[in-house]
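Side-chain atoms are counted along with the backbone in the values below, which use heavy atoms only and exclude waters and symmetry mates. Everything quoted here is computed from the prediction, not taken from an experiment. Each chain gets a letter, A, B and so on, in the order the sequences are listed, and its residues count up from 1.
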2 protein chains.
Amino acid sequence: MINQYTFCNLKTEGIAAMKARVDQDPKGRKTVHDACDTPCAIERGMRVIGGKWTGSILWHLKDGPVRFNDLARMIGGASKKMITERLRQLQAQGLVTRQVMDTAPVSVQYEITEFGRTALGFLEELRLWSESLPAELIPAQEARRSTGRA
Amino acid sequence: MINQYTFCNLKTEGIAAMKARVDQDPKGRKTVHDACDTPCAIERGMRVIGGKWTGSILWHLKDGPVRFNDLARMIGGASKKMITERLRQLQAQGLVTRQVMDTAPVSVQYEITEFGRTALGFLEELRLWSESLPAELIPAQEARRSTGRA
DNA sequence: CGGCATCCACACGGATACTG
DNA sequence: CAGTATCCGTGTGGATGCCG
């Protein structure tokens, strides 16, 4: 009978791994201890860099500051709206900085912060892993149907 | 005029460290070279393990087979529907296996495959990174409003 | 127990137009 | 150039019920 599991915890004090468990009382009812009180670290991390395009954006900034439209150009498939949205989010989280250059016409530069760079390691790993994936199992990026508006 | 992007192409031949560049021709028009091959790997990877709860599920299977309901219990916050859905997806992608045990009542065991394990590496990295994040910037998991139905 | 079916509220995100 | 505003189809995913 399976009644003992380990899974992710938020407290990293003892690091190693506090073990979350599913226990069974005499009556057979189960309770979880130290479950993912909050969404797991995994989930929480995903909320930060797992947004659509978020990873790509961050990734594109790794080689230096990039201007808005260039960024949009690089990430083919993402609308300006999305780029803006995600950039704002990343900015609010301190992963990138936004700097308006005093030129005409205006130009805005986005740059990854030191903090943002700490995420690149993981992204690199993800990239390597992804590239080893058989193409068939990648869920096709479906084209949304047009809104029908002129 | 937007008419030339290379993105999400699945050719992974040259990969290595292709730098995406935005070039400008004499007339000031810009073109992108080697745009998304690399970054899109990020996006593609996200499509596979970036789904809601997907990472958590995989993560929770790392220590051994787990039964459906126990899995659901562990991942507090996810509905059975989601768990099922994601499990099916993971199964179709060969990251987990599903095995119906011959017991009464039925019990079903999910187990991570060797292939699935290859993803644990960066999930671990993600976990470490996430745990270092200040709690404030984690987008709260908003509670959906009830459907109003009885 | 381990689901599937249904219903439905949103949130997401593309398209488009407009602005300084 | 670098957005903002708006409109709206569509996907996502929680809630609930039923079933073998």
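When each of A/A78 and B/P105 is assigned the nucleotide of DNA chain C with its nearest heavy atom, B/P105 is the one assigned upstream, toward the 5' end.
Residues that satisfy the salt bridge (Lys or Arg N to Asp or Glu O under 4.0 Å) test with A/E111, not counting sequence neighbours, are absent from this structure. Considering only residues two or more places apart in sequence or on other chains, B/W129 meets the ring-ring contact (aromatic ring centres under 6.0 Å, His included) condition with none of them. Looking at residues two or more places apart in sequence or on another chain, you find no side-chain hydrogen bond (donor to acceptor under 3.5 Å, both in side chains) involving B/T113.
A salt bridge links B/E124 with B/R127; the closest basic N to acidic carboxylate O contact falls under 4.0 Å.
In this entry the distance linking CD1 of A/I57 with P of D/dG3 reads 12 Å, nearest Å. Rounded to whole Å, the distance from CH2 on A/W53 to P on C/dC12 is 16 Å. Here the C1' atom of nucleotide C/dC12 and the NZ atom of B/K52 are 12 Å apart, to the nearest Å. Atom P of nucleotide C/dC1 and atom CG of B/L71 are separated by 14 Å, given to the nearest angstrom. With rounding to whole Å, A/Q99 atom CD is found 19 Å from D/dC1 atom P. Atoms CE (A/M82) and P (C/dT16) sit 17 Å apart, rounded to a whole Å. Note: CD (A/E85) to P (D/dT6) measures 15 Å, nearest angstrom. Between the CG atom of A/D102 and the P atom of D/dC1 there is a distance of 18 Å, given to the nearest Å.
Counting only Watson-Crick or G-U wobble pairs whose defining distances are both under 3.5 Å, the stems of 3 or more consecutive pairs in DNA chain C are C:1-20 with D:1-20.
Note on A/I83: it clusters hydrophobically with A/V106, by side-chain heavy-atom contacts below 4.5 Å among ILVMFWY residues. Residue A/F115 is grouped with residue A/L61 when hydrophobic side chains (ILVMFWY) are merged at heavy-atom distances under 4.5 angstrom, including chains of intermediate members.
Applying the side chain to side chain donor-acceptor pair (under 3.5 Å) test to every pair with at least one member in residues 94-106 of chain B, sequence neighbours left out, gives these pairs: B/R98-B/Y110.
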Please write out the pairs of protein N or O atoms and N or O atoms of nucleotides 2-4 of chain C separated by less than 3.5 Å, giving the distance to one decimal.
unit_1: C/dG2; atom_1: OP1; unit_2: B/R67; atom_2: NE; d: 3.0
unit_1: C/dG2; atom_1: OP1; unit_2: B/R67; atom_2: NH2; d: 3.3
unit_1: C/dG2; atom_1: OP1; unit_2: B/V108; atom_2: N; d: 3.1
unit_1: C/dG2; atom_1: OP2; unit_2: B/N69; atom_2: N; d: 2.9
unit_1: C/dG2; atom_1: OP2; unit_2: B/N69; atom_2: ND2; d: 3.4
unit_1: C/dG3; atom_1: OP1; unit_2: B/R88; atom_2: NH2; d: 3.0
unit_1: C/dG3; atom_1: OP1; unit_2: B/R98; atom_2: NE; d: 3.2
unit_1: C/dG3; atom_1: OP1; unit_2: B/R98; atom_2: NH2; d: 2.5
unit_1: C/dG3; atom_1: OP2; unit_2: B/Y110; atom_2: OH; d: 2.6
unit_1: C/dG3; atom_1: N7; unit_2: B/K80; atom_2: NZ; d: 3.0
unit_1: C/dC4; atom_1: OP1; unit_2: B/R88; atom_2: NH2; d: 3.1

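Separation of atoms CG (B/L120) and CD (B/E125) is listed at 12.5 Å; rounding is to 0.5 Å.
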Under the criterion side-chain contact (heavy atoms from CB on, under 4.5 Å), I'd like the reasoning laid out for A/L95 against A/Q93: C-alpha separation, chi angles, the key distance, then a yes or no.
CA-CA 6 Å; A/L95 294 171; A/Q93 291 166 165; 3.7 Å; yes
